[in-house]
Structures are given as C-alpha cells and as structure tokens.
Amino acid sequence: MTTRADRTESRANNTEETGRINQNPSGVAGETVIADEVVAAIAGHAAAEVDGVVKLGTGNVLRSLTDAMGSDANNKGRGISVEAGTLEAVFDIELTVEYGRPIPDVVRKVRESIARDIRSLAGMETREINVDIIAIEFPERIKSRVR
Amino acid sequence: MKYVNALIAVLVALLLIAAGAVILLVMGEVINPDDMPGEWFTPQLQAIADSTGTEQAINIAIGIGLIVLGVILLGLQLIPFMGEPKMLLISNGDAGTIRVAVDSVEQLAERTVQSNRAVTSNDCSIDPDESGLRVRCHAVLVMGSEVPTVASDIQAAIKDVLERLVGVPVTDVTVRTKLARDGQRSVLAR
C-alpha cells in the first residue's frame, strides 16, 4: 500500500517531469495544470454512475459545514479526496452502496469507471483508489396495500 | 427526521447555555436586566439581580447548571458527527484498500436475522479477527418457534449474506435466542 509520503514524493516527481513527459501535442509552449478539484469531480461523477452506488460522502452534518466553510482541505465531506500529480492520481473515496450488491463487485466497477474516465478526460493514470463503504442503504419498507 | 431532531436539540442546548450565561452575567452586574432586548424576562432578571444570600447562591447554581446541561446536550449531539466510524478492512492490494463501516456490517447482519419470520427483534455485533468475522446476535423469537431450527437458519443466513455481500469469511456465528414474553429463558446456538 502506498503511504502518504510516497504519494507526495510521487507527486513531486511528476511535477518535475512535467516538461519532459507531458508534452503539449499542440506544439504551443505552455503547461496544462488540472486542479485537484477537477480530477475529483471527474472521479466523483464516474463513481456515482456505477450501479449499486447510492451516493458519495458521509452526509455528515459537521463535515458538510466544515467543507462549506472551506476548512476541509481534502473535500472528504463530498466523499472524495484526490492527490493528483501530472501523470497519475491517488483517490480516497467514501461511498454508500445499495443493499444486495456485493461490495467487492461494486468497488471493482467503481475503480474501473474512475480509471477509464480519468484516463480519457484528464490524461492521467490512476495509481490507487482507496474505498470506504460508510453505509449500506436499505430499501424502504413497501407499504402493504391491505389493512 | 433524525436531523430535525438533532437540530432542535442543538437549539435547545444553545438556549440553555444562553439562559445560564445571562443569569450569571446579570448576577455579576455585567449586564443590566433593563438592557436586555424585549421585556419578557425583565422582572425575573431583576429579581435575580437583587437576590442575596442563599437565594443568590441558588441562582448561581441554576445558572451554572443550565450551562452544564446545555454543554452536555450539545456534546451528545455533536460527538457522533465528530468521530471517524470504526472500519473493517476487507482488502488491501496494489489497487488500494476497501474498508466497510462496522456498523453497516452489523446492520446487514441484523436485517438478515430480522428477515426470519420467527424473529421479533434482534441485535448483532461483529468482531473481526485475522481469519474472518465473528458474529454475535441476540434474537427474540415468537412463542412456539422451533429454536434450534430458527437459530440454525439464522446462522446459515448470516454467513451466506455477509460472505456474499461483504466478501469476508465468517468464521463464527453465535446466536443467543429468547422467546418473546419469556425473557428469563435464553438458548445459545453456536
């Protein structure tokens, strides 16, 4: 498993390699920087599209408040945090899954979906996706039609 | 509804703290009862400001008590939102980790137990160890249930559901049953 220090180092290395590896295909001088928030948004959208994923994030009142006030640096309140370099990214995701779906299957599809979208839309590879299932959503009891 | 209740409780807690603070501030002559907005409580606050001796001590105790009560109520509402939930690691590989909230796994087990017609109520807890999950459930059964059969069905169902949905081997399921209206007798199935 990758430690936070490894990720930071990786990110630093990626940044150093920006000019050499991440060449600009247009031939125009300049650098493209994709903000972590954008990478997180792409990943969040990709995860939310997977069958069995009910929502991202905790629904935690305090976290939502701190997030809204800008004190949640990792955007954990929204259910996804990202450490993105130029070439690759590491994600920490919190999910609520639907009752009856095997969790390993849902997580595998989430990882595939995120990796695919991050590669096609941001041009990055996904190095690691850590998934926390924070809740299982059970279907509401169906009311009987007879008394 | 849960959040509405929590919000009401937080508001009540804040009101208690404010009331206690006002009482203490009035008694300490930091604020004048006449300066308070509105005039609803002016006579009461004036009486508090004028109190002496035992009455004054009682008022101080009431003020401190209200603040303590408010802080406790506020703490009870906020503590569940502050701590990280206890997580169960179900896989750890190059692709990353997968963890599940322990209380979600317990809910899954409880729902599985509750789906048995003979069960009126139940409570489950899980205890992860290196080889898998150990599950303990207390189930209250309707009178007339065949306890060994029901307990066996519950054990099999829990093992099947948790292994299939969570993906972690279940090594042990202990079911302690009680019959409804017969709380003294309990039967243990392992």
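What you are looking at is a predicted structure, and each value in this text was computed from that prediction instead of being measured. First the proteins, then the strands, lettered A, B, ... as listed; each starts at 1.
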Chemist: Is Arg108(A) salt-bridged to Glu112(A), cutoff N-O under 4.0 Å?
Modeler: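 Yes, this pair counts.
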
Chemist: Below 4.5 Å from any heavy atom of chain A, which atoms of Ile90(B) appear? Answer side chain, backbone, both or neither.
Modeler: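 When you check distances to chain A, only side chain atoms of Ile90(B) fall under 4.5 Å.
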
Chemist: Looking at Val161(B), Leu88(B), Ile98(B), Val166(B), which one has more heavy-atom pairs under 4.5 Å with chain A than the rest?
Modeler: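 Among the listed options, the one with the most contacts to chain A is Ile98(B).
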
Chemist: Looking only at heavy atoms and a cut-off of under 4.5 Å, which of Val97(A), Val131(A), Val107(A) has the most pairs with chain B?
Modeler: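 Ranked by heavy-atom pairs under 4.5 Å with chain B, first place is Val131(A).
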
Chemist: Determine whether Val68(B) and Ile23(B) fall in the same hydrophobic cluster, where Ile, Leu, Val, Met, Phe, Trp and Tyr are linked whenever their side-chain heavy atoms lie under 4.5 Å apart.
Modeler: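 Yes; tracing contacts between hydrophobic side chains, which count when under 4.5 Å, links both residues.
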
Chemist: Among Ser104(B), Ser91(B), Ala101(B), which residue has the highest count of heavy-atom pairs closer than 4.5 Å to chain A?
Modeler: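 Option with the greatest count: Ser104(B).
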
Chemist: Side-chain contact, heavy-atom cut-off 4.5 Å: Val168(B) with Leu162(B)?
Modeler: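 No; the side chains remain at least 4.5 Å from each other.
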
Chemist: With a 4.5 angstrom heavy-atom cut-off, could you sort out which part of Arg111(A) is near chain B: side chain, backbone, both or neither?
Modeler: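 Side chain only.
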
Chemist: Tell me whether Val147(B) is reachable from Val142(B) by hopping between hydrophobic residues (I, L, V, M, F, W, Y) whose side-chain heavy atoms are closer than 4.5 Å.
Modeler: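 No, no single cluster joins them.
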
Chemist: Does a side-chain heavy-atom distance below 4.5 Å link Ile80(A) with Val82(A)?
Modeler: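 Result no, sub-4.5 Å side-chain heavy-atom pair not found.
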
